[in-house]
Amino acid sequence: MKRTDYINWDEYFMGIALLTAMRSKDPSSQVGACIVSPENKILSLGYNGMPIGCDDDAMPWEREGEPLNTKYMYVCHAELNAILNSAHNNLKGARVYVTLFPCNECTKAIIQSGIAEVVYYSDKYHDTDSSVAARFMFQKAGVRLTPYQPSGRKAELEL
């Protein structure tokens, strides 16, 4: 008889997004994204970080100060990186698992790429203008928003 305590697809893909977030060098926010086909195949991964070719040690990571001296003008978000990293030029119908609800800018890229569903782990900026605008655009574009619901059980491997 097969095991019955294995993790479901949502747990698997959100786990991969959480693991991918650990690649981020951002000292205050580590975000990961995992794009998955309707057939549950991983299409791409991304995490928040500086653009390729920009030395992480030479870039600002501060959250406050003059705009050009903070990370916000430079960092690529996890969702955008996952879309840009994809070898597939058609993400129509895909799901993206993200550890943080997308900002309004990433929302535009998600919609334009054809992703049909966003499964998000945290929505800590729910009331910000960026999140309100993102939800408005997702609703208008018909993109499904799904808060991640862990099962509450702990799967264990038997090696």
Side-chain angles (χ1 to χ4, degrees), residues 8-56 58-64 67-150:
N8 66 37
W9 286 119
D10 284 345
E11 292 168 315
Y12 178 65
F13 296 128
M14 189 58 77
I16 290 172
L18 288 161
L19 183 65
T20 301
M22 295 172 72
R23 284 284 309 144
S24 175
K25 296 170 186 75
D26 190 317
S28 57
S29 300
Q30 299 83 42
V31 181
C34 178
I35 301 175
V36 180
S37 77
E39 298 79 28
N40 293 319
K41 306 284 188 228
I42 296 173
L43 301 175
S44 189
L45 303 171
Y47 56 88
N48 58 313
M50 295 299 174
I52 293 171
C54 293
D55 180 0
D56 293 328
M59 302 299 288
W61 290 102
E62 288 74 28
R63 292 177 60 131
E64 296 179 13
L68 291 174
N69 295 325
T70 68
K71 66 181 181 176
Y72 299 108
M73 300 294 269
Y74 309 104
V75 167
C76 291
H77 289 182
E79 306 92 324
L80 182 60
N81 271 331
I83 291 167
L84 295 173
N85 289 341
S86 176
H88 307 270
N89 55 3
N90 183 0
L91 298 175
K92 190 168 178 61
R95 297 186 311 282
V96 62
Y97 289 81
V98 292
T99 60
L100 183 62
F101 190 86
C103 72
N104 63 301
E105 292 298 321
C106 289
T107 294
K108 296 175 202 176
I110 289 166
I111 292 168
Q112 289 295 93
S113 72
I115 291 172
E117 182 178 6
V118 175
V119 181
Y120 59 93
Y121 186 86
S122 170
D123 191 11
K124 72 177 181 178
Y125 299 112
H126 183 273
D127 295 325
T128 65
D129 288 346
S130 176
S131 288
V132 171
R135 280 192 299 283
F136 179 76
M137 285 187 282
F138 282 137
Q139 191 267 325
K140 293 298 182 192
V143 175
R144 208 166 41 256
L145 298 176
T146 306
Y148 174 68
Q149 299 292 326

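Only heavy atoms go into these numbers, but all of them, side chains included; no hydrogens, no water, no symmetry mates.
- Remark: the Ser24 side chain and the Asn48 side chain contain an N/O donor-acceptor pair separated by less than 3.5 Å.
- For Thr70, the side-chain contact (heavy atoms from CB on, under 4.5 Å) partners at least two apart in sequence or on another chain are Tyr72.
- Take Leu80 and apply the side-chain contact (heavy atoms from CB on, under 4.5 Å) test, not counting sequence neighbours, and it matches Leu84, Cys106, Ala109.
- Here the OH-CZ distance, from Tyr47 to Arg23, works out to 4.0 Å after rounding to the nearest 0.5 Å.
- The structure places CG of Leu43 at 11.5 Å from CD1 of Ile83, a figure rounded to the nearest 0.5 Å.
- Remark: the backbone N or O of Tyr125 is paired with a side-chain donor or acceptor of Ser131 at under 3.5 angstrom.
- Using cut-offs of 30° and 60° for the angle between ring planes, the Trp9 and Tyr12 rings count as perpendicular.
- Note that CD1 of Ile42 and CD1 of Ile16 are 3.5 Å apart. Values are rounded to the nearest 0.5 Å.
- Heavy-atom contacts from other residues, nucleotides or ligands closer than 6.0 Å to OH of Tyr120 number more than 12.
- Every residue meeting the salt bridge (charged side-chain N to carboxylate O under 4.0 Å, His left out) condition with Lys25, not counting sequence neighbours, appears here in chain and number order: Asp56.
- Scored by the salt bridge (charged side-chain N to carboxylate O under 4.0 Å, His left out) test, Lys108 finds Glu105 as partners (sequence neighbours excluded).
- Atom OG in Ser37 sits 14.5 Å away from atom NZ in Lys92 (nearest 0.5 Å).
- With hydrogens and angles disregarded, a donor-acceptor distance shorter than 3.5 Å links the side chain of Tyr74 to the backbone of Leu68.
- Judged by distance alone, the side chain of Thr20 and the main-chain N or O of Gly46 form no donor-acceptor pair under 3.5 Å.
- To the nearest 0.5 Å, atom CD of residue Glu79 and atom OG1 of residue Thr107 are 7.5 Å apart.
- Under the rule for a side-chain contact (heavy atoms from CB on, under 4.5 Å), Asp129 has no partner lying at least two apart in sequence or in another chain.
- Residues satisfying the salt bridge (charged side-chain N to carboxylate O under 4.0 Å, His left out) criterion with Asp10, sequence neighbours excluded, are absent altogether.
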